Amino acid sequence: MSLWATEQATIELLPNATEDDLQTVVRAVYKQVLGNEHLMESERLTTAESLLRNGDITVRQFVSLVAKSDLYQSLFFETTSQYRFIELNFKHLLGRAPVDQTEISAHVQIYNQDGYEAEIDSYIDSDEYIENFGDSVVPYPRAVRTQVGLKNVGFNRMFALMRGAASSDGDNRARLITSLAANMSPPIKAPARSGAGSYSNTAKRFRITVAKSNVGPRVRYSNIEYVVSYDKMTQQVQNIHKAGGRIVAISEVA
């Protein structure tokens, strides 16, 4: 099997780093956090770079500023579904795919209750981030090899999110909806064959709980549930997003 996602050398900002060292770190952060998107000079966060150069912020804080920037929001928040936004946050900030639907639902709740910055902080301030990257290491794809504490299915899901060194995350289609909801491993499919690939047929059905706002003197939210078959789930999720609904949870119907 040809692997298009490979381990990368750890990039760390060490004390007494030269300007060349600093630029290597800055470029690596942009590449990882912005999903390999092309970055124009005018889009660089020059103030944040200066703070990093002067030692006023750590690499972890620089990562946070990039993830909270208008550029990140325009690329991955304003033009994508909430599901895609969260799965990319996992990839960009923790270097892995979501483990299960529970993780997706937890981050939906964080965003709904506390907003955008709290959602970003929930990754960067997590024990997992600090244990793996600390304050000085640039986040990198961790799940391109099996690791203690991470399920092997995460390996396949990370490959589903990574489409090769020349690709970017500009595609706004969620990659892992059916894999996570059905608790199934996605097929590993090479980038040359675009798309998420097909899954084995299954008779499973799923309940999708959606929060929708009601129009009236006061904005209120109510939950609506849809029960769909496995093969209809992706289309139903897309319809929900088009209608402005927010997915609270997806669970298998017993």
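Because the structure is predicted, anything quoted here is derived from the model rather than measured. Index from 1, following the sequence.
- Residue pairs meeting the salt bridge (charged side-chain N to carboxylate O under 4.0 Å, His left out) criterion with at least one partner in residues 102-120, sequence neighbours excluded, are R96-E103.
- Ring pair F90/Y123 is perpendicular by interplanar angle, where above 60° counts as perpendicular and below 30° as parallel.
- A donor-acceptor distance shorter than 3.5 angstrom exists from the side chain of D100 to the backbone of T102, with no hydrogens or angles considered.
- Distance check: E41 CD to T46 OG1 gives 10.0 Å after rounding to the nearest 0.5 Å.
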- prompt: Would L39 and K31 count as a side chain to side chain contact (heavy atoms under 4.5 Å, CB included) if you check the C-alpha gap in whole Å, the side-chain angles of each, and the deciding distance to 0.1 Å?
  reply: CA-CA 9 Å; L39 183 70; K31 180 178 180 180; over 6 Å; no
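- With hydrogens and angles ignored, the 3.5 Å screen pairs a side-chain donor or acceptor of R60 with a backbone N or O of I124.
- Taking each heavy atom of H92 and V33 in turn, the nearest pair found is ND1-O, 3.1 Å.
- When atom types are taken as modelled, the side chain of E131 and the backbone of E128 share no donor-acceptor pair closer than 3.5 angstrom.
- For the atom pair CG (L34) and OG (S69), the distance works out to 6.5 Å, reported to the nearest 0.5 Å.
- Closest heavy-atom contact between L94 and R142: O-NE, 2.9 Å.
- The side-chain heavy atoms of Y72 and E37, taken from C-beta on, include no pair separated by under 4.5 Å.
- Once rounded to the nearest 0.5 Å, the distance linking CZ of F62 with CG of D135 reads 14.5 Å.
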task: Dump the intermediate steps for side chain to side chain contact (heavy atoms under 4.5 Å, CB included) on L65 and T47, then the final yes or no.
output: CA-CA 10 Å; L65 290 174; T47 300; over 6 Å; no
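- The nearest pair of heavy atoms linking P98 to I104 is CG-CD1, 3.8 Å.
- Looking at E49 and Y30, their side chains do bring a donor and an acceptor atom within 3.5 Å of each other.
- Taken from CD1 in I120 to CZ in F85, the straight-line distance is 4.5 Å, to the nearest 0.5 Å.
- Note that the CZ atom of R27 and the OG1 atom of T24 stand 4.5 Å from one another [nearest 0.5 Å].
- Counting heavy atoms from C-beta outward, N112 and Q82 have side chains that approach closer than 4.5 Å.
- Remark: side-chain polar atoms of Q61 are paired, donor with acceptor, to backbone N or O of T58 under 3.5 angstrom.
- Atom-to-atom distance recorded for D125:CG and S64:OG is 7.0 Å, nearest 0.5 angstrom.
- No side-chain heavy atom of T18 sits less than 4.5 Å from a side-chain heavy atom of Q23.
- Screening residues 15-24 for salt bridge (charged side-chain N to carboxylate O under 4.0 Å, His left out) gives E19-R53 as the qualifying pairs, with residues at least two apart or on separate chains.
- Under the 3.5 Å distance criterion, with hydrogens and angles disregarded, no donor-acceptor pair is assigned to the side chains of Y111 and N89.
- Side-chain contact between V59 and V137: absent, with no pair of heavy atoms (C-beta onward) separated by less than 4.5 Å.
- Between F133 and Y140, the ring planes lie perpendicular to each other; the angle is over 60°, past the 30° to 60° tilted range.
- I110 and Y83 are not part of a single hydrophobic cluster, where members link through side-chain heavy atoms under 4.5 Å apart.
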